[in-house]
Amino acid sequence: MDKTLFKRLKKDGLSWPEDKDLARKVQRELADKVALSPLAKAPALIAGVDSAFFDDRVISTACLFSFPSLELIEETFAIKEVRFPYIPGLLSFREGTSTIEAIEKLKKKPDLIIFDGQGIAHPRGLGIASYAGVLLDIPSVGCAKSRLVGEYDEPGKTKGSWSPLKILDKTVGAVLRTRANVEPVFVSPGHKIDIKGSLRLVLACATAYRLPEPTRRADALSKTLARKHASRA
DNA sequence: GCGACAG
DNA sequence: ATCTTGTCGC
């Protein structure tokens, strides 16, 4: 894949519908660049990202936290016109570009980013966490609220319990209980981290709620800002 | 053709 | 994701 397309994806993403097939092709190519090696160094700064919609626009937020102390350091957001519909497996092209922009607006570069979506637990091994992780070349983890692909057994009801998420005989992530007696989350590595590391990270960010603090905060902020900007040119 | 299907 | 109040349960 050439650098031109690489930069274009970060800046403008893909449009609809002429590039729908290109989207899948791009995913298959980027998937080869995903690294599942253990985290190189302990992260000190972690960012959580999420997106919300209003009118015909997408607003993505990035919340930076210290780690493992989990103190909020800074928050950013980016708004863009929605150019792609929601299609299972192609989420990256709907909210990936604005998400990347929000991350790049952070004054301090995060050592790792947690996404509200899948990492490699994806049809082509490139969920939004892997997609953005590769384009930004920053370690990333996917923490989704529901399953996209893979099979699993119900994990134990206690906090910290988990069971492998696998496609055929290949483990691509884990179904983790971040809070007792509450629906589990689907964790999978995005880029430059392995499954065990992803699990430890998400669990370390799970305080008293189902979603890890960085992502939970980004979710709340995106919704608040979306309502604030709604129906207001 | 039928069912599944991140946000 | 989004449209939306109160209500059941731990």
Side-chain angles (χ1 to χ4, degrees), chain A residues 13-14 16 20 23-24 26-27 30-31 34 48-62 77-100 102-103 113-134 140-152 157-159 165-168 172-191 198 202 208-212 214-232:
Chain A
L14 296 172
W16 169 265
K20 177 183 176 183
R24 295 198 176 84
V26 164
Q27 291 185 318
L30 285 179
V34 173
V49 298
D50 193 24
S51 302
F53 299 79
F54 64 95
D55 300 335
D56 291 315
R57 290 176 285 178
V58 190
I59 178 169
S60 294
T61 53
F77 71 86
I79 296 176
K80 282 189 166 297
E81 295 290 319
V82 174
R83 295 187 182 184
F84 213 86
Y86 169 69
I87 296 175
L90 298 181
L91 177 67
S92 301
F93 302 102
R94 183 172 171 75
E95 43 185 72
T97 304
S98 54
T99 296
I100 287 174
I103 294 169
I113 307 167
I114 300 179
F115 291 76
D116 192 349
Q118 314 293 342
I120 62 170
H122 176 281
R124 288 167 289 285
L126 196 88
I128 191 169
S130 299
Y131 173 86
V134 167
S140 62
V141 172
C143 182
K145 298 185 292 298
S146 62
R147 182 198 80 98
L148 174 59
V149 293
E151 301 129 41
Y152 64 96
K157 297 290 187 181
T158 72
K159 178 177 181 177
L165 174 63
K166 42 181 60 177
I167 294 179
L168 298 183
V172 297
V175 184
L176 171 69
R177 194 80 67 178
T178 49
R179 183 181 172 176
N181 302 98
V182 166
E183 288 300 293
V185 294
F186 297 72
V187 179
S188 61
H191 183 51
S198 300
V202 172
Y209 308 90
R210 174 158 91 122
L211 300 183
T215 284
R216 196 179 79 83
R217 176 79 188 192
D219 174 76
L221 180 60
S222 66
K223 286 174 180 169
T224 295
L225 294 180
R227 288 181 298 214
K228 175 182 177 183
H229 290 262
S231 301
R232 189 214 74 182

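Naming convention: chains lettered A, B, ... in sequence-line order (proteins, then strands); numbering from 1 in each chain. Values reported hereafter were calculated over all heavy atoms of this structure, with side chains retained and with hydrogens, waters and symmetry mates removed.
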Legend entry - Candidate pair Tyr131(A) and Phe93(A), rule side-chain contact (heavy atoms from CB on, under 4.5 Å), full reasoning: CA-CA 10 Å; Tyr131(A) 173 86; Phe93(A) 302 102; 3.9 Å; yes
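- Arg179(A) contributes no side-chain N or O that, together with a main-chain N or O of Tyr209(A), makes up a donor-acceptor pair within less than 3.5 Å.
- For residues 216-225 of chain A, every residue pair satisfying the side-chain hydrogen bond (donor to acceptor under 3.5 Å, both in side chains) rule, not counting sequence neighbours, is listed here: Glu75(A)-Arg217(A), Glu213(A)-Arg216(A), Asp219(A)-Lys223(A).
- Taking the 5' to 3' direction, DNA chain C first and last meets chain A under 4.0 angstrom from a heavy atom at dA1(C) to dT2(C).
- Each of Val82(A), Leu90(A), Ile87(A) was compared with Trp16(A) under the side-chain contact (heavy atoms from CB on, under 4.5 Å) criterion, and only Ile87(A) meets it.
- Among the heavy atoms of the strands, none lies under 4.0 Å from Ala226(A).
- Here the straight-line distance linking atom CZ of Arg94(A) with atom CG of Leu14(A) works out to 14.5 Å at 0.5 Å rounding.
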Inset, instruction - Kindly express the pairing pattern of DNA chain C in dot-bracket notation, using | wherever a base pairs with another strand and counting only Watson-Crick or G-U pairs under 3.5 Å. - result: ..........
Inset, instruction - Take nucleotides 1-7 of chain B nucleotide by nucleotide from the 5' end and write B, S or -, depending on whether a protein heavy atom sits under 4.0 Å from the base, only from the sugar-phosphate, or from neither. - result: ---SBBB
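- For Phe54(A) and Asn181(A), each mapped to the nucleotide of DNA chain C holding its nearest heavy atom, the one lying further toward the 5' end belongs to Phe54(A).
- With hydrogens and angles disregarded, a donor-acceptor distance shorter than 3.5 Å links the side chain of Ser140(A) to the backbone of Ala129(A).
- Within the structure, side-chain hydrogen bond (donor to acceptor under 3.5 Å, both in side chains) contacts touching residues 80-92 of chain A (residues at least two apart or in different chains) are Lys80(A)-Glu101(A).
- For DNA chain B, there is no stem of at least three Watson-Crick or G-U pairs with distances under 3.5 Å.
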